[in-house]
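The model shown is predicted, which means the values in this text are computed figures rather than measured ones.
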Amino acid sequence: MKKILFAFAMLIMTALSVSAHQINNYKYIFIQHQEDAPKDIESRMEKEFSSLGFTVLSSDEFAQLPSSEQSLVLNAEYRCRQSAQCLFHIWLKNTNGEEVYEDEQVAAGGFMTKKNDRQSALKKIFKEIKKLNYQFEGDKAPSE
C-alpha cells in the first residue's frame with residue numbers, strides 16, 4: 001500500500017513540475033472576455049495574474065502584439081457555473097490551442113452571496129496556480 005501511495009505522490013509531483021515548466025514558457029495572459037460574465041471575475045483574474053508576474057493583455061494589446069511575441073501568450077478561458085454552489089473552471093491555452101494548465105474549484109460552503117462564492121472559487125484557483133511558482137524563463141520560447 002505504501003508503494004502505491006508513494007508512486008501516486010511521485011506522479012502528482014511530476015505533473016506539477018511539468019505544468020510549472022510549461023507555464024514558465026509564457027510571458028503574457030489574455031483573458032477571453034465573456035459577455036454574460038460578472039465584471040468581478042475578469043478584474044480579479046487580471047489582478048491575480050499580474051501579481052503572479054504575467055503581463056495581462058487587453059484585446060487591443062493582444063491584436064498589436066508582434067508575431068515574434070505571440071508564442072509567449074496564454075489564453076485564459078473560464079466558465080463559472082452558479083447553482084447551489086459556484087463551480088469555477090479555468091483553462092490556460094497557448095496560441096495553438098494546446099492546453100497548458102487546467103483547474104476546477106468549487107466555492108467554499110456556507111451561506112455566501114453569489115459574488116462571494118465566485119471570489120472564493122477564484123481564490124482557490126489562484127492558490128493552486130501560485131503553487132506552480134511561475135517565473136518567465138525569457139529566451140526559452142515554447143516549441144511550436
Considering only heavy atoms from C-beta outward, does the side chain of [X] approach that of [Y] to under 4.5 Å?
{"X": "His89", "Y": "Arg81", "value": "no"}
{"X": "Cys80", "Y": "Leu87", "value": "no"}
{"X": "Asn75", "Y": "Leu92", "value": "no"}
{"X": "Leu65", "Y": "Tyr28", "value": "yes"}
{"X": "Tyr101", "Y": "Leu132", "value": "yes"}

Under 6.0 Å between ring centres: does that hold for [X] and [Y]?
{"X": "Tyr134", "Y": "Phe54", "answer": "yes"}
{"X": "Phe49", "Y": "Phe126", "answer": "yes"}
{"X": "Phe88", "Y": "Tyr78", "answer": "yes"}

Rounded distance (nearest 0.5 Å) linking atom [atom1] of [X] with atom [atom2] of [Y]:
{"X": "Tyr26", "Y": "Leu72", "atom1": "OH", "atom2": "CG", "answer": "8.5 Å"}
{"X": "Glu104", "Y": "Ile90", "atom1": "CD", "atom2": "CD1", "answer": "12.0 Å"}
{"X": "His33", "Y": "Ile41", "atom1": "NE2", "atom2": "CD1", "answer": "11.0 Å"}
{"X": "Gln119", "Y": "Asp117", "atom1": "CD", "atom2": "CG", "answer": "10.5 Å"}
{"X": "Lys47", "Y": "Leu122", "atom1": "NZ", "atom2": "CG", "answer": "11.0 Å"}
{"X": "Ser59", "Y": "Ile31", "atom1": "OG", "atom2": "CD1", "answer": "11.5 Å"}

Quick one, Phe30 with Gln32, criterion side-chain contact (heavy atoms from CB on, under 4.5 Å). Give me CA distance, side-chain angles, the key distance, then yes/no. CA-CA 6 Å; Phe30 176 68; Gln32 297 287 332; 3.5 Å; yes
Determine yes or no for a side-chain-to-main-chain donor-acceptor pair under 3.5 angstrom, with [X] supplying the side chain and [Y] the backbone.
{"X": "Glu61", "Y": "Ser58", "result": "yes"}
{"X": "Asn94", "Y": "Asn96", "result": "yes"}
{"X": "Gln22", "Y": "Glu99", "result": "no"}

Residue list, salt bridge (Lys or Arg N to Asp or Glu O under 4.0 Å) with Glu48, at least two apart or on another chain: Arg44, Lys130
Considering residues at least two apart in sequence or located in another chain, which fulfil the salt bridge (Lys or Arg N to Asp or Glu O under 4.0 Å) criterion with Glu102? none
Given side-chain contact (heavy atoms from CB on, under 4.5 Å), test Leu52 with Ile129 step by step and report yes or no. CA-CA 9 Å; Leu52 289 171; Ile129 293 174; 3.5 Å; yes
Would a single hydrophobic cluster contain both Val73 and Trp91, if residues Ile, Leu, Val, Met, Phe, Trp and Tyr are joined by side-chain heavy-atom contacts under 4.5 Å? no
Kindly determine whether Val100 and Leu74 satisfy side-chain contact (heavy atoms from CB on, under 4.5 Å), including the steps that lead there. CA-CA 8 Å; Val100 175; Leu74 278 176; 3.7 Å; yes
I'd like to know if Lys93 and Glu77 make a salt bridge, using a cut-off of under 4.0 Å between side-chain N and carboxylate O. yes
Looking only at heavy atoms, what is the nearest atom pair of Gln105 and Ala121, with distance? CB-O, 3.9 Å
